[in-house]
Structures are given as C-alpha cells and as structure tokens.
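Read the structure below first, then the notes.
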Amino acid sequence: MSLETVLSRIDQDLPAAIERLLELLRIPSISTDPAYRNDCQTAADWLVSDLQSIGIESEKRQTPGHPMVVGHIDGPGPHILFYGHYDVQPVDPLDLWDRDPFDPALEDVDGHKVIRGRGSSDDKGQLMTFVEACRAWKSVHGSLPCKITFFFEGEEESGSPSLIPFMKENAEELKSDVALICDTGLFGDSTPTIVTMLRGLLGEDFTITGPDRDLHSGMYGGIAMNPIRVLTRILADLHDDTGRVTLPGFYDGVEELPEDVLAQWQGLNFDHAAFLGEVGLKEPAGEQDRMPIEMIWSRPTCDVNGIWGGYTGAGFKTVLPSQASAKVSFRLVGKQDPDAIRKSFRDYVESRLPEEFSIEYRTEKGSPASQMSIDNPAFEKARRALSDEWPHPAAYVGCGGSIPIAGYFKDILGTDAMLIGFGKDDDQIHSPNEKYDLSSFHHGVRSWARILDALAKQG
C-alpha cells in the first residue's frame, strides 16, 4: 500500500476528523485561569483516550500545574517526538465574539470554510493535524512508519512553569532523533515553511527618580531637571538615523544568513508595503541596509514598549514629576548574549543619568535565540515532502517571535526541533473570533503523512 492510499484515507475521513477536533475545542482548557483547572484535566483525558483509540500507549502525567500527556508507539524508522499544547488563551472580551468561543462550528468566510472557536488554530487544530495523519496511516498499514513519542503540554499559554522540570525529570524517555513542533504558520496563504531560527527575548522595566517629590513647574521649571526629559533623551538615542541600535557590543554574535537561505527568502517576494499597509504604515523602520523580511526574521531589535510619568489625566497638572518609567524589549538573534546586552543597556542608561538621579530595575531573565541546524537530513526530507503537498515550494524561514520549547529540546534533550505549522496570519489567534482555515487543516494532515513517509525512508 502506497502513500497515496494514506492520503486518500485522509480525504475520506475528513468529516470525522473535523468532528473530533470540534469535540476537543468544546473543552474550555484555559490554563492561566484557576477556574478552568478541571477543564484542563478534561482536555488531557480526552487526548489520552483519543491516542489510545489508535493504539498508542499514552497516559496523563500530573505536574504542579496542568498535566502533560505522553504517548509512545514503536515503529521501524527513526524516533520522532511530536509536541503540541492543548491549553488555550482566555476569551475576553467575550462581547466581541460572534458566537460562544467554546461552541465551535464550521463557517463560511469570504468563500472559504473555516473552523471557528478558541484554540482552533492555536494549538488544538494544529496538534490534531499530526494525530489525524497518524490515525490514517495506522488504519491503512496497521502500524506507523516511525517510532513516535507524543508530548502534549497544558501550560504553554501561561508561561510553561512545569515544562522544564518535567523535561529534565523525563529526559531519557523524551529523547528522540528529531522533535516536531506544530505551532507556527504558512507564509502567505499557500507556501509551507520550516522555521529554523527564532529570536530570543530580553526585557528591561525600569524607573528613574530625580527630585524627591513632584515639583510645581512654575516654581522649579527651568532650574530642576525633569526625569521625563532625561528618559526620553535616553530612549531616543537607542537608535541612529539608519535604524541601527547604538548600544556598545549589541551586534556581537549576530550572524549573516547563508546564501542559500537568503536566496529562498528573496524568492518569497515579501511585500513589505502591503504588510505595513495593513496597519496604516508605509516605510520600514529597521536597519536600512537590510531586506524588510530580514528585519522581522533574522535581525535583532530594540523597542520601547511603554513609557509613563507625571500627570496623564484630563486637563493639566503642571508638575515636574519625581519619576519617569519605561519598558524596553530586545529581540535577539544568532549568538547574542542576553546577559551581555542587559549589562550594556544598563551601563548606557546609567552613564546618561544626572549624578543625583537614581534608577530601579524590575526585570526577568532573558532568553537567547534558537537556531536549528539544517544539516540534519530530516530537514531537507521534510521540506521536499511539504513542497509536494502545497502549491509553492516549502522554504526555511525565520520567526520574529520566540518559541522557547525549541531551545529546550536542544538544551535539555539534545534534540533538533523542526517547526512546521499551517496557521495563517489572519487566524486571529489570542483574539476574539479565532479561526482555522479548513483547507489548512486538511492539507496539514496530508503534509504530516508525507513527512512521516519521507522520514521513514530516511531511516
């Protein structure tokens, strides 16, 4: 029996696969809200039962937070670990939803069928694409082509507090030849991608204090230094006129793209004018000697995320404030060191403070960027398999955000992570009226079947 037989089974079973997904979507597994703790247990139980129904030995593993679901099935090929998360974001504001977020349904949107409901794209729908591919393969062949470990988390949307301890405690059980993560998206509507680089993240939340109290601007204006004036000058000088970050040593560890990857990105024909136009902007603000798509995927950033101080209510209160505050974040790439950048930033800020000013920091530990090596032949096998399913060839891409689990697989398990997903930019994840394109779900299931076939042949 050929791969085509499996693909035909996927096509025939699509209505049943949709019903299974809708059943999972009805469970309000909001991880961050203690009121939904029992629902997270229910979602984990549902997944255990579903995996067992296709012959996968699986169980719910309790943690101090929400449970993990772990399943195993033997096979002749390489050992694959598949990761997804069953928890979802809160649904507020509820009045902006067109229907109950946990009463999912198929809807027509601009001539396309979509699955509407919280978690439909992030990440229950994506998780189930892989499960459904395994279900179809096993129903046709009686077994799976690879040894597979299923690893489903219930706290991804609330910071994954139990993830690292669990992975460390169960490292030998979870080690594999390659880890698959389905929590990313397509480029445009029909170009599949494999994310090979993720930006790290560092944040600084700080307050500078000048005078020991708010001052009357008529009495002290002109003679007393205003903390907001100091702060805004510091923030303005973080970038030069070309968009480069001015912190000393900031670009240490930033690597150039390999020529073949750069060529793939150029071939994507990213329309930055349309991308910015959707939010009412025109001109890219990053480093002016870089392609716009590089600015998002492979270049580091420094952004002011919030700034406040003084009186911000209606009318005027003519004071010089005692304090001014800001939140600044850095997206990191390559081998940039979060600790070194934090030190450089603090040295920079403190060197610009008046002698009598003080500063207080409120920050958390930063995380470095993750970069997956495509030297592993599994990556090219998967890229070709994806290209066979979609209208356009698959591309290795970067991701402007951070997905820490990819780095954990490498650091804790020594396993390269392959990030493949089928979401779209307009899926409205984390927002009201989240949806998942039915075509993306269908082709996602078929894509995983092709990838399993390719990896099994790799041996």
Side-chain angles (χ1 to χ4, degrees), residues 83-84 121-123 126 129 178-201 254-276 278 284 286-287 290-301 331-336 368-407 409-410 416-427 429 437 440 443-444 447-448 450-451 454:
Y83 165 89
S121 177
D122 185 20
D123 183 48
Q126 304 246 46
T129 57
V178 67
L180 306 176
I181 301 173
C182 193
D183 198 7
T184 54
L186 303 167
F187 181 83
D189 286 340
S190 56
T191 299
T193 65
I194 300 177
V195 175
T196 61
M197 56 184 70
L198 297 160
R199 294 197 290 195
L201 184 62
V254 178
E255 301 170 326
E256 294 295 330
L257 287 174
E259 290 188 7
D260 58 336
V261 173
L262 185 61
Q264 284 188 27
W265 290 14
Q266 290 170 334
L268 293 172
N269 297 317
F270 175 62
D271 186 347
H272 72 268
F275 180 78
L276 290 173
E278 290 180 356
E287 300 163 274
R290 298 289 172 172
M291 293 191 305
I293 204 166
E294 286 183 271
M295 298 177 188
I296 303 171
W297 287 349
S298 66
R299 300 301 296 176
T301 68
R331 295 285 179 173
L332 310 180
V333 303
K335 298 177 181 178
Q336 283 182 297
S370 297
Q371 190 154 341
M372 282 59 76
S373 172
I374 59 176
D375 293 338
N376 185 332
F379 279 78
E380 187 59 22
K381 289 280 189 179
R383 193 184 72 82
R384 292 177 181 174
L386 283 167
S387 299
D388 289 339
E389 177 63 28
W390 295 84
H392 304 293
Y396 298 124
V397 302
C399 177
S402 303
I403 305 178
I405 181 67
F409 280 131
K410 189 66 175 179
D416 286 323
M418 193 183 305
L419 294 100
I420 300 172
F422 311 102
K424 294 184 177 181
D425 290 341
D426 65 353
D427 281 347
I429 63 173
D437 191 284
S440 292
H443 286 290
S447 294
W448 286 123
R450 291 183 183 275
I451 290 171

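Position 1 is the first residue of the sequence; numbering continues from there. Side chains are part of it too, since the values below use all heavy atoms of this structure and drop only hydrogens, waters and symmetry mates.
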Check your understanding: Step by step, would you call Leu201 with Arg331 a side chain to side chain contact (heavy atoms under 4.5 Å, CB included)?
Key -> CA-CA 5 Å; Leu201 184 62; Arg331 295 285 179 173; 3.8 Å; yes

Exercise for review: May I have the step-by-step check of side chain to side chain contact (heavy atoms under 4.5 Å, CB included) for Asp183 and Leu419, ending in yes or no?
Suggested key: CA-CA 7 Å; Asp183 198 7; Leu419 294 100; over 6 Å; no

Review point. Which is it for Met372 and Met418 under the side chain to side chain contact (heavy atoms under 4.5 Å, CB included) test, yes or no, and what are the steps along the way?
Key: CA-CA 8 Å; Met372 282 59 76; Met418 193 183 305; over 6 Å; no

Exercise for review: Test Ile420 against Trp448 for side chain to side chain contact (heavy atoms under 4.5 Å, CB included), laying out the working first.
Suggested key: CA-CA 9 Å; Ile420 300 172; Trp448 286 123; 3.8 Å; yes

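Note that CG of Leu268 is 7.5 Å distant from CD of Gln264, once rounded to the nearest 0.5 Å. How far CZ of Arg199 is from OG1 of Thr301: 5.0 Å, rounded to the nearest 0.5 Å. Going from atom CZ of Arg450 over to atom CZ of Arg384 covers 15.0 Å, rounded to the nearest 0.5 Å. Going from atom CZ of Phe422 over to atom CG of Leu386 covers 5.5 Å, rounded to the nearest 0.5 Å. The line from NE2 of His392 to OG1 of Thr191 is 4.5 Å long, rounded to the nearest 0.5 Å. Met291 contributes atom CE, which lies 11.0 Å from atom CZ of Arg299 (distance to the nearest 0.5 angstrom).
Contact annotation: the side chain of Val178 never approaches that of Lys381 to less than 4.5 Å [non-hydrogen atoms, C-beta and beyond]. Taking the side chain as every heavy atom from C-beta outward, Thr184 and Cys399 never approach each other to under 4.5 Å. Annotation: side chain of His272 is not in contact with side chain of Met295 (no heavy-atom distance under 4.5 Å). In this structure, Lys410 and Asp416 have side chains that are in contact, with non-hydrogen atoms separated by less than 4.5 Å. Side-chain contact between Leu276 and Pro284: present, with at least one pair of heavy atoms (C-beta onward) separated by less than 4.5 Å. Side chains of Ile374 and Glu380 form no contact here, defined as non-hydrogen atoms less than 4.5 Å apart.
Of all non-hydrogen atoms in Lys424 and Gly188, the two that sit nearest each other are CG-O, 4.5 Å. Nearest heavy-atom pair, Ser370 versus Ala406, reported as atom, atom and distance to 0.1 Å: OG-C, 4.5 Å. Closest heavy-atom contact between Cys182 and Gly421: SG-CA, 4.0 Å. When all heavy atoms of Trp390 and Ser447 are compared, the closest pair comes out as NE1-OG, 2.9 Å. A pairwise comparison of heavy atoms in Pro300 and Gln336 identifies CB-OE1, 3.2 Å as the closest pair. Heavy-atom minimum distance, Leu186 versus Ser440: CD1-OG, 4.0 Å.
Looking only at distances, a side-chain donor or acceptor of Ser387 sits under 3.5 Å from a matching main-chain atom of Ala394. The closest donor-acceptor contact from the side chain of Gln126 to the backbone of Asp123 lies at 3.5 Å or more, if one exists at all.
Other residues, nucleotides and ligands place more than 12 heavy atoms under 6.0 Å from the CG atom of Asp271.
Each of Trp297, Phe187, Trp265 was checked for a side chain to side chain contact (heavy atoms under 4.5 Å, CB included) with Phe270, and the lone residue meeting it is Phe187. Checking each of Asp437, Asp427, Asp426 against Ser121 for a side-chain hydrogen bond (donor to acceptor under 3.5 Å, both in side chains) leaves exactly one that passes, namely Asp427.
Taking the six-membered ring where tryptophan is involved, the planes of Phe409 and Tyr83 are perpendicular, since the angle between them exceeds 60° and thus also 30°.
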